[in-house]
Amino acid sequence: MDAEPRLVDQILAAVDRLPPMPQSVAEVMQLSRSDDFGAGDLAEVVCRDPTLAARVLTLCNSGFFGLSREVTSVHKAVLLLGFEMTKNLVFSSFVHSTVQTDVGGYAQTAASLWEHSFGVATASLALATEAAADLTDEAYTAGLLHDIGKVALTTFVAQRMDEVLHRVKALGESFSVAEQQVLGTTHAEVGGLVADRWKISAGLQDAIRYHHQPRRATEHPRLTALVGLADGLCGILGIGAGLDATDCGLDPGSLQLLGLDGAKLEAALAVASDRALAIRGTELSTGT
């Protein structure tokens, strides 16, 4: 079945209606690509956005990080957490504010979409730490943003869910293939468009766009494979998973690409599973 020609135009218009990336978040992303910056530079960017500063302090003081005393200074929070963790908090704050709408087309509430996004981010970072140390800088962000396309696509999926599920159940198609056949695009492809609109790096766009089809990635295949595995793992564990998790699994090609097999695979999955499951019931996972 071919999607209606005008439907794709409507989907693109929905992408355009998503809020732009805040200047403060864009500046943090730019800093992360630079070799010449200090903790003070990052703290200054965060301090210029009162909402973001409050969010960073709230997350810093959450039980998730286990700090022994309350932190009231953004500069001190950045020093305590370090650049990577602070960057992750900044992106967590931004993504949490973006996924404040239920994505009923995927049978996910705003809370479950956030839990899944945060779970995949956490699992991606854990897998990278265990098996691909060179990917740790980008793993969390890629995992956090991997399903951002659902926010723009949910209305269109909900209107045609019977068609999508028919193709999944009766024809044995994967959810992504069924999306493509009914809508003319997928939440992963739309996520790539959103990432492009936000001027996110080509490698991260690749991981978002192809996390269900890692073999198609050209810019950053290993990062894409990593996020796909983390997404599959969280789907298996039921962490905030929606209807698209009905055919989740661990792609053998992705495991091979990352050199994950035998005892190494078992150890990496154990750590990633523990980290992902640990977010349930924490202040950070619920966004409070």
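No hydrogens, no waters, no symmetry mates; every other heavy atom, side chains included, goes into these values. In this text the structure is predicted, and so the values were computed from the model without any measurement.
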Interatomic spacing from [atom1] in [X] to [atom2] in [Y] - rounded to 0.5 Å:
X	Y	atom1	atom2	value
R209	L193	CZ	CG	5.5 Å
L265	E130	CG	CD	11.5 Å
E163	L183	CD	CG	8.5 Å
D102	K150	CG	NZ	12.5 Å
D244	H212	CG	NE2	5.0 Å
S201	H220	OG	NE2	7.5 Å

Side chain to side chain donor-acceptor pair (under 3.5 Å) against H116, all qualifying residues, sequence neighbours excluded: H146, D231

My understanding is that only residues two or more places apart in sequence, or in another chain, count here; which of them pass side chain to side chain donor-acceptor pair (under 3.5 Å) with D49? S24

Looking at the rings of Y106 and H187, which for Trp means the six-membered one, are their centres under 6.0 Å apart? yes

When you look at V78 and F83, which way does the side chain to side chain contact (heavy atoms under 4.5 Å, CB included) test go after all the steps? CA-CA 7 Å; V78 173; F83 182 86; over 6 Å; no

Of the non-hydrogen atoms in [X] and [Y], which two are nearest, and what is the gap between them?
X	Y	answer
T186	Q180	CG2-OE1, 3.7 Å
G149	V190	O-CG1, 3.8 Å
S92	Y140	OG-OH, 2.6 Å
A77	V71	N-CG1, 3.7 Å
A195	I208	CB-CD1, 3.8 Å
A53	C47	CB-CA, 4.4 Å

Taking a hydrophobic cluster as the set of Ile, Leu, Val, Met, Phe, Trp and Tyr residues connected by side-chain heavy atoms closer than 4.5 Å, whether directly or through intermediates, do [X] and [Y] fall within one such cluster?
X	Y	value
V271	L260	no
L79	L42	no
L229	L257	no
V182	V177	no

Ignoring hydrogens and angles, tell me if any N or O in the side chain of [X] forms a donor-acceptor pair with the backbone of [Y] under 3.5 Å.
X	Y	value
S124	V120	yes
Q205	I200	yes
T154	G105	yes
R197	L18	yes
N61	L57	yes
T136	A133	yes
R222	L135	no

For H211 and D147: C-alpha separation, side-chain torsions, deciding distance, then whether side chain to side chain contact (heavy atoms under 4.5 Å, CB included) applies. CA-CA 9 Å; H211 67 272; D147 268 353; 3.5 Å; yes

Those residues that, when tested against [X], pass ring-ring contact (aromatic ring centres under 6.0 Å, His included) (two or more places apart):
X	value
F91	none
F94	W198
Y210	none

Residue among N88, L226, L144 satisfying side-chain contact (heavy atoms from CB on, under 4.5 Å) with L125: N88

Are Q108 and S112 linked by a side-chain donor-acceptor pair shorter than 3.5 Å? no

Going by salt bridge (charged side-chain N to carboxylate O under 4.0 Å, His left out), name the residues that satisfy it together with R48, two or more places apart in sequence or in a different chain. E27

Passes side chain to side chain contact (heavy atoms under 4.5 Å, CB included), I11 versus L153? Steps please. CA-CA 7 Å; I11 292 169; L153 203 56; 3.5 Å; yes

Quick one, [X] and [Y] - any side-chain contact, counting heavy atoms below 4.5 Å?
X	Y	result
T224	E219	no
F118	I239	no
R215	D251	yes

Does this structure show an ion pair linking [X] with [Y], if we count only N-O contacts that are shorter than 4.0 Å?
X	Y	value
D137	K87	no
D9	R6	no
R216	D206	no
E173	R167	yes

Might you work through the side chain to side chain contact (heavy atoms under 4.5 Å, CB included) test for L113 and T101, ending with a clear yes or no? CA-CA 9 Å; L113 176 59; T101 303; over 6 Å; no

Please check if the number of heavy atoms outside [X] that lie under 6.0 Å from its [atom1] is greater than 12.
X	atom1	answer
E266	CD	no
Q100	CD	yes
Q159	CD	yes

